[in-house]
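In what follows, every heavy atom counts, from backbone to side chain, and hydrogens, waters and symmetry copies are set aside. All values derive from a computational prediction rather than experimental measurement.
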Amino acid sequence: MHNPLQDSITPNGRSTGIALLALLALSMLATRYHHFSSALHLADTSWAVFFLAGLWFRRAAVLGGLLALAVLIDLGSVVIDGAAMASCFSPAYPGVLLAYAALWGGGRLAGRALDGGVTSSRLVGGLLVGASLLVSVVVAFVISNGTFYALSGQFEEMSAGEYAGRTMGYLAGYLTSAVTYTLVGIIGLAAFNLIREGRGAQRRA
């Protein structure tokens with residue numbers, strides 16, 4: 001059973017895949033470091049980037065490359081801002097990378113489900129991708145905040161319940177930015193594939 005949504009949201013050809021990877025990387029460079037993103041009033045694209053990378057590419061090498069890029073950007077911010085950014089690299093920092101891996105895994109599972117013909121409906125396929133994104137963001141949020149609470153050494157006098165209460169308010173922002181950027185990426189690729197398919201049909205006519 002084939003899902004037509006998969007054709008719309010899948011990179012078609014090596015050159016398209018390379019271009020998409022470059023765009024994902026550039027979006028992280030433009031928004032992850034706060035000096036650039038705050039000037040442009042842009043939220044960090046990282047969470048959407050890792051989900052889309054899992055959905056589109058699914059290769060562990062892509063995950064590794066994006067994780068390395070995230071670390072390099074963070075290291076660069078420390079070099080530029082010094083002590084102001086050094087707090088990012090607490091013993092809990094690997095939890096951030098684990099959260100990104102969870103987002104990538106959620107995208108990968110959604111893509112594999114569509115590949116496997118779990119449904120032939122575009123609507124159901126879209127809902128599946130959307131549900132996978134929402135679950136992935138919640139899991140990543142719990143991982144990143146849970147590891148920061150447990151390992152950063154900054155909350156010895158705060159209970160887990162109090163910490164959770166203080167951080168849950170930020171979940172909506174993460175969901176909003178991840179969903180928005182993911183929709184932009186998927187709709188943009190679908191439009192590109194549709195235009196290219198139309199041009200190809202014209203040439204064959």
Exercise. Do S152 and S90 meet the criterion of a side-chain donor-acceptor pair at a distance under 3.5 Å?
Worked result: no

Exercise. Once you round to the nearest 0.5 Å, how far does CG of L20 lie from CG of L52?
Worked result: 9.0 Å

Problem set entry | Hphob cluster co-occupancy, L24 + L183, side-chain heavy atoms under 4.5 angstrom | yes

Exercise. Aromatic ring centroids of F51 and Y181 under 6.0 Å?
Worked result: no

Exercise. For the hydrophobic clusters of this structure (ILVMFWY residues joined by side-chain heavy atoms under 4.5 Å, transitively), does one cluster hold both M168 and V179?
Worked result: yes

Problem set entry | Pairs flagged by side-chain hydrogen bond (donor to acceptor under 3.5 Å, both in side chains) wherever residues 94-110 is involved - sequence neighbours left out | R32-Y100

Problem set entry | Nearest-0.5 Å distance that lies between atom OG1 in T167 and atom CD in E162 | 10.5 Å

Problem set entry | Atom of A178, atom of W47 and distance for their closest heavy-atom approach | CB-CB, 4.3 Å

Seminar exercise, completed: Between T31 and A43 the two heavy atoms that sit nearest each other are CB-O, 3.5 Å

For this session: Please assess F192 against I187 for the test side chain to side chain contact (heavy atoms under 4.5 Å, CB included), listing each intermediate value before the final yes or no.
Result: CA-CA 9 Å; F192 175 80; I187 293 172; over 6 Å; no

Exercise. So how far is it from L29 CG to I73 CD1, rounded to the nearest 0.5 Å?
Worked result: 4.5 Å

Exercise. Can you name the nearest heavy-atom pair linking A48 to T182, along with the distance?
Worked result: CB-OG1, 3.5 Å

Under 3.5 Å, which donor-acceptor pairs do the side chains of residues 133-143 form with other protein atoms, sequence neighbours left out?
from	atom 1	to	atom 2	distance (Å)
S136	OG	S132	O	2.6

Exercise. Taking T180 for the side chain and S177 for the main chain, is one N or O donor matched with an acceptor at less than 3.5 Å?
Worked result: no

For this session: Might you point out which heavy atoms bring W56 and I186 nearest each other, and give the distance in Å?
Result: CZ2-N, 4.3 Å

Exercise. Going by heavy atoms in the side chains, are F50 and L67 under 4.5 Å from each other?
Worked result: yes

Exercise. Do L63 and V71 share a hydrophobic cluster (ILVMFWY, side-chain heavy atoms under 4.5 Å, transitive)?
Worked result: yes

For this session: With side-chain hydrogen bond (donor to acceptor under 3.5 Å, both in side chains) as the test, would you mind laying out the steps for Y93 and D74 before giving the verdict?
Result: CA-CA 11 Å; Y93 185 77; D74 291 343; 2.5 Å; yes

Exercise. Do L72 and L98 belong together in a cluster built from hydrophobic side chains that touch within less than 4.5 Å?
Worked result: no

Problem set entry | Validation row: P94, T147 side chains within 4.5 angstrom (heavy atoms) | no

Seminar exercise, completed: In this structure, CG of N145 is separated from OH of Y170 (nearest 0.5 Å) by 9.5 Å

For this session: Rounded to the nearest 0.5 Å, what's the gap from CG on D44 to OH on Y174? Could you check?
Result: 8.0 Å

Exercise. Given side chains that start at C-beta, do those of L114 and V129 come closer than 4.5 Å, heavy atoms only?
Worked result: yes

For this session: Search all heavy atoms of M28 against all heavy atoms of A70 and return the closest pair with its distance.
Result: CE-CB, 3.8 Å

Problem set entry | Path from L69 to V96 over hydrophobic side-chain contacts below 4.5 Å | yes

Exercise. Between the main-chain N or O of T45 and the side-chain N or O of S27, is there a donor-acceptor pair closer than 3.5 Å?
Worked result: no

Exercise. Rounded to the nearest 0.5 Å, what separation is found between the OG1 atom of T16 and the CG atom of L21?
Worked result: 11.5 Å

For this session: Check whether any side-chain N or O of Y149 sits under 3.5 Å from a backbone N or O of M158 as a donor-acceptor pair, and report yes or no.
Result: yes

